[in-house]
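I have placed the structure first, in the form of structure tokens, so that the comments after it can refer back to it.
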Amino acid sequence: MRKLLLPLLLVLLAMPVLVQASVLTFRAPAGEPFYLKLDGKLVNHKASNFVRVDHLRPGKHYVEVKVRTRHRDYQLGTNVYVRHGFETNYGVDVVERKGKLKLRLLSEVPLLPPPVIVPRVPYPPAEPYRPAPPRYDDRYDSRDRCDYLMSRQDVDRLADAMKSRSFESTKLTIAREALRNNSILAEDLKYILQQFDYESTRVEFAKYAYDYVCDHERFYYVYDIFKFDSSVRELEEYTSRRR
């Protein structure tokens with residue numbers, strides 16, 4: 001009987017890793033609330049600008065997105081692919097001039113495997129157990145990097161607030177405060193950087209904002225606004241050290 005229990009115990013311990021599901025998220029960067037159907041089933045019964053689906057089977061899924069605005073409704077139906085053990089993040093964009101919705105891939109972030117709990121042995125360990133001090137590892141910050149994403153309306157309000165100020169230092173203070181508890185898309189960060197008058201201030205704020213950028217893989221968008229190659233090289237060296 002004991003010989004049978006050991007293999008069964010090993011299987012039960014390994015199951016959480018084997019069935020580690022994928023995660024799928026949808027967000028509207030401009031803040032429009034939407035309804036989402038996944039494989040024909042309504043996910044959110046109340047419109048929201050962010051929807052997260054946990055414990056999802058990896059592979060192909062059919063999604064239907066519906067956005068209701070004051071003037072008209074927008075609908076989209078398409079297939080998405082979810083990789084095993086990854087959190088796949090999509091953005092929902094309303095393209096008003098074309099009268100349609102657009103779904104774009106924002107990022108794919110690997111999920112951490114769930115911890116495996118090892119059963120305690122029936123005899124005391126050779127040395128007394130001392131819990132290790134908590135350790136911070138910023139490699140996993142990307143899982144939460146897109147929380148509290150600034151909508152396009154928030155970005156526009158921040159830009160207007162900066163335009164109304166004459167001093168560069170005041171603009172920098174306002175921009176820092178706006179990002180302190182939020183995250184931002186690289187494309188929107190580029191727009192905010194354009195509100196500064198001096199190249200040196202743009203470089204300073206771009207460094208500060210890097211940790212708050214949701215889509216790090218698109219950070220290179222901001223390079224277009226810099227006049228000097230030295231500024232771009234300085235940012236590239238900084239971001240390579242932060243990875």
Side-chain angles (χ1 to χ4, degrees), residues 16-114 140-157 182-192 212-222 224:
V17 177
L18 294 176
V19 299
Q20 172 69 12
S22 301
V23 175
L24 187 60
T25 72
F26 297 85
R27 68 180 69 247
E32 302 95 341
F34 59 88
Y35 294 93
L36 177 76
K37 282 187 178 181
L38 182 66
D39 297 326
K41 183 178 180 181
L42 183 63
V43 177
N44 57 324
H45 295 276
K46 183 178 180 181
S48 172
N49 62 2
F50 177 78
V51 176
R52 178 185 177 93
V53 183
D54 295 309
H55 307 295
L56 186 64
R57 171 183 53 81
K60 186 189 296 184
H61 295 272
Y62 186 74
V63 297
E64 299 171 78
V65 183
K66 184 175 182 179
V67 176
R68 289 182 174 176
T69 66
R70 184 177 302 176
H71 305 290
R72 58 171 298 179
D73 292 348
Y74 299 86
Q75 297 188 38
L76 169 68
T78 186
N79 289 315
V80 297
Y81 184 81
V82 184
R83 296 172 60 187
H84 175 74
F86 277 74
E87 176 179 304
T88 305
N89 305 293
Y90 282 93
V92 179
D93 298 316
V94 176
V95 186
E96 295 184 354
R97 64 180 181 276
K98 295 184 178 180
K100 65 178 184 179
L101 288 179
K102 180 182 178 182
L103 200 64
R104 58 189 174 95
L105 179 65
L106 296 177
S107 61
E108 288 181 309
V109 182
L111 297 171
L112 290 175
Y140 306 133
D141 281 354
S142 58
R143 294 180 301 164
D144 302 321
R145 194 185 300 137
C146 292
D147 287 353
Y148 308 105
L149 182 66
M150 294 181 69
S151 67
R152 186 62 193 186
Q153 289 89 337
D154 293 333
V155 173
D156 290 338
R157 292 191 191 100
N182 294 289
S183 58
I184 192 170
L185 293 173
E187 184 177 356
D188 293 333
L189 173 59
K190 176 181 177 181
Y191 178 60
I192 294 301
Y212 299 91
V213 173
C214 173
D215 48 345
H216 271 177
E217 69 279 3
R218 294 183 175 86
F219 184 76
Y220 66 90
Y221 284 4
V222 306
D224 291 343

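A side-chain donor-acceptor contact under 3.5 Å links Ser22 to the backbone of Gly85.
What you find for Asp188 and Met150 is that their closest heavy atoms are OD2-O, 4.3 Å. The shortest non-hydrogen separation linking Pro29 to Leu185 is CB-CD1, 3.4 Å. For the residue pair Ala186 and Asp215, the shortest heavy atom distance occurs at N-OD1, 3.0 Å.
At a threshold of 4.5 Å between non-hydrogen side-chain atoms, the residues Val67 and Asp73 do not count as touching. Using a 4.5 Å cut-off on side-chain heavy atoms (C-beta onward), Leu76 and Lys100 make no contact. Side-chain contact check for Tyr191 versus Asp156: some heavy-atom pair is nearer than 4.5 Å. Counting heavy atoms from C-beta on, the side chains of Leu24 and Val80 come closer than 4.5 Å. Considering only heavy atoms from C-beta on, Phe219 comes within 4.5 Å of Leu189 through its side chain.
Screening residues 101-112 for salt bridge (Lys or Arg N to Asp or Glu O under 4.0 Å) gives Arg83-Glu108, Asp93-Arg104 as the qualifying pairs, with residues at least two apart or on separate chains.
For the atom pair CG of Asp154 and CG of Asn182, the computed distance is 7.0 Å after rounding to the nearest 0.5 Å. Taken to the nearest 0.5 Å, the CD1 atom of Ile184 stands 10.5 Å off from the OG atom of Ser151. The distance from atom CD of Glu32 to atom CD of Gln153, rounded to the nearest 0.5 Å, is 6.5 Å. Put simply, OH on Tyr81 and CZ on Phe86 are 10.5 Å apart, with the number rounded to the nearest 0.5 Å.
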**OP:** Apply the test side chain to side chain contact (heavy atoms under 4.5 Å, CB included) to residues Asp224 and Lys190: give CA-CA distance (whole Å), side-chain angles for both, the deciding distance (0.1 Å), then the verdict.
**Re:** CA-CA 8 Å; Asp224 291 343; Lys190 176 181 177 181; 3.5 Å; yes
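Evaluation of the side chain to side chain donor-acceptor pair (under 3.5 Å) rule for Thr25 yields Asn89 as partners, not counting sequence neighbours.
Checked against Tyr90 for a side chain to side chain contact (heavy atoms under 4.5 Å, CB included), the options Val65, Leu103, Thr78 give a single hit: Leu103.
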I'd like a table of donor-acceptor pairs (distance under 3.5 Å, sequence neighbours excluded) in which one partner is a side-chain atom from residues 38-49, with atom names and distances.
{"from": "Asp39", "atom 1": "OD1", "to": "Tyr62", "atom 2": "N", "distance (Å)": "2.9"}
{"from": "Asp39", "atom 1": "OD2", "to": "His61", "atom 2": "ND1", "distance (Å)": "2.7"}
{"from": "Asn44", "atom 1": "OD1", "to": "Leu36", "atom 2": "N", "distance (Å)": "2.8"}
{"from": "Asn44", "atom 1": "ND2", "to": "Phe34", "atom 2": "O", "distance (Å)": "2.8"}
{"from": "Asn44", "atom 1": "ND2", "to": "Lys46", "atom 2": "O", "distance (Å)": "3.2"}
{"from": "Ser48", "atom 1": "OG", "to": "Phe50", "atom 2": "N", "distance (Å)": "3.1"}
{"from": "Ser48", "atom 1": "OG", "to": "Phe50", "atom 2": "O", "distance (Å)": "2.9"}

